[in-house]
Amino acid sequence: MNRLLGSLLLLLIAFPAHAARPYRGGVVASLYPLASDAGLQMLDRGGNAVDAAVAMAFAAAVVGPYHNGLAGGGFALVAPQGKELLALDFREVAPAAASRDMFLRDGKPVPRLSTDGALSVAVPNAVNGYLALLEKAGSLPRSVVLAPAIRLAREGLVVTPKYRQMATGRVECLRGDPEAARIFLRPGTDGRPDVPPLGTVLRQPELARTLERIAASGAAAMRSGPVARSIVQTVRGAGGILTEEDLARVKTRWRAPLLGSYRGHRIATFPPPSGGGFILLETLGTIEKLRPGAFERRAPADLHLYIEALRRAYADRARFISDPDQTEVETARLLSPGHIAYLAASIDPARATPSAELQPSAAAGAAPPPSELKHTTEISVIDRKGNAVALTTTLNYGFGSCLVARGTGLLLNDQMDDFASQPGVPNVYGLVYGENNAVAPGRIPVSSMTPTLVFQKDHPERILLAIGGSGGAFIPTGVIQVLMNVLDAGMNLPVASAAGRVHHQWLPDVAMVNPDALDPLTRAALEAKGHTFKVNASPLGDVEAVMQDPETGLRTAASDPRGEGAALGQP
Ligand code: DON
């Protein structure tokens, strides 16, 4: 007995419970333990980072239906060690029959028309994206990569506090569709469909069958045939405009990644139609211009610059970022040294610039604080060879449109809300867009998703960090802060991702902060400069990141401690 205790103690000393546990093999991070586990299974079978990320994306669609799904869309960045970077845009597009004023009645936006039900559904593109990635840079067969998702759909997801929170916020929307209510709700005490109790197991056999079809025939299963017909019939039956041609025609788009740098590290992030990568590089550029040496995250003077840089970047994004396939987007000019110098010079070190001064006309529509009912999924992977993936995928608002395509288990997105229903009027994230992001047929809505890869200073071809986040407008600020916590403050990844965050998005003109983000003296010093703060009890987004140590080559992973996710690795 004593010997047993002794060896246990020895084991504990030799392998301390280390939150920044270093792994010699690959690492994965995502919002769901079971999706992360699916990624690890691929790595353990000898798959690469792309195999792992795609398996995680399929599994996440099963276990996190409130955040992402097969009838959604997203972006992925891939750094195949030693080869050219890949950026895949598989975001949804507006149906061909969409029109600028489709969400207006008598000139006013109709509440919830762009977030709930048939008209909110943009053309699904996630499966096209996942499988294009797998074909281009994966190594395992489709059937192997989809196997964990199929099993999870059969065995069921277990209702967690997060599930309950999201379902509570969307319960009315889910009750609007009997199929969604049947799958995602359970009869309450009064017999009406209600939020299921903690621990309820929700099986999704129809989704398992759809996944099997995809495993057998690939993305074609979503483009035509029974699944495509069901999607179209469900949407049109509920008053929507989606057609089978929309599904047959929607494309994935390989793009040139948006490139920049910070503190000597090469950065690749996502270009338009994401506004997130743009915000990231413009903000970091402005900060580095004003603080070429170092950034002190606790100093009021530096926090002031950080907030002012964000205010300008979110304002520029609202004005200039749009679907690059329909309008020319001037990212090169906006990220040029000249524009960065202009922005830096426009910041008054003594005083906050009122947001309305930046773009007076847009600021007239007062934006409500962003709602908390949102999410999305970030999947970050580095494999043992140093290949890296950052993939962000979403249905948009919680449970998307709340419509399930009959007999398929597919929950449909509500990505149409990422357009400006009425230019100048805030969307569900409080984001105000201009005419450039108005609804138009075939157009891609602007996004905040920010999958990002950061490379090592001394070996710019070797990965340092794969990172991204969820939370709508909170995504860019979450990613920026974790990245700065690592590169400026030298924090290890779990500490960097746990540190309190400060968020400003131009409109509304208020900085949102985690309860532990600012001490009272710092806050008072910033208020004296004219900043206003709102302490958010909820997390301000979620960041998932993995990192490779330049000296030792060991890898660490961090899943945002505010969420229910998991960071795993191969010993
Ligand atoms: O693409 C976007 O910016 C949004 N559809 C992302 C949605 C999101 O992050 C939802 N919440 N976390």
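Read the numbers this way: they start at 1 and go in the same order the structure lists the ligands and their atoms.
- Among residues two or more places apart in sequence or in another chain, the side chain to side chain contact (heavy atoms under 4.5 Å, CB included) test is passed with E172 by R175, R192.
- Within the 4.0 Å heavy-atom criterion, the part of T394 lying near ligand 1 is the side chain and not the backbone.
- The part of R91 lying near ligand 1 is the side chain, judged by heavy-atom distances below 4.0 Å.
- A ring-centre distance under 6.0 Å is not found for F75 and F90.
- With a 4.0 Å cut-off on non-hydrogen atoms, D417 does not touch ligand 1 at all.
- In this structure the side chain of N396 reaches within 4.5 angstrom of the side chain of Q415, judged on heavy atoms.
- For an aromatic pair to be called close, the ring centres must be under 6.0 Å apart, and F399 with Y163 satisfies this.
- Short contacts between ligand 1 and I475, defined as distances under 4.0 Å to a heavy atom of the residue, involve ligand atoms 9 (O).
- Below 4.0 Å from some heavy atom of G472 lie the following atoms of ligand 1, by number and element: 8 (C), 9 (O), 10 (C), 11 (N), 12 (N).
- For the pair S470 and ligand 1, the shortest N or O to N or O distance does not fall below 3.5 Å.
- Applying the ring pair (Phe, Tyr, Trp, His ring centres under 6.0 Å) rule to F419 yields no partners; only residues at least two apart in sequence or on another chain are considered.
- Side-chain atoms of T168 and Q165, non-hydrogen and from C-beta on, never get closer than 4.5 Å to each other.
- Per-residue contacts place S448 under 4.0 angstrom from the following atoms of ligand 1 (heavy atoms of the residue considered): 1 (O), 2 (C), 3 (O).
- For a threshold of 3.5 Å applied to N or O pairs, the pair formed by D418 and ligand 1 contains at least one separation below that value.
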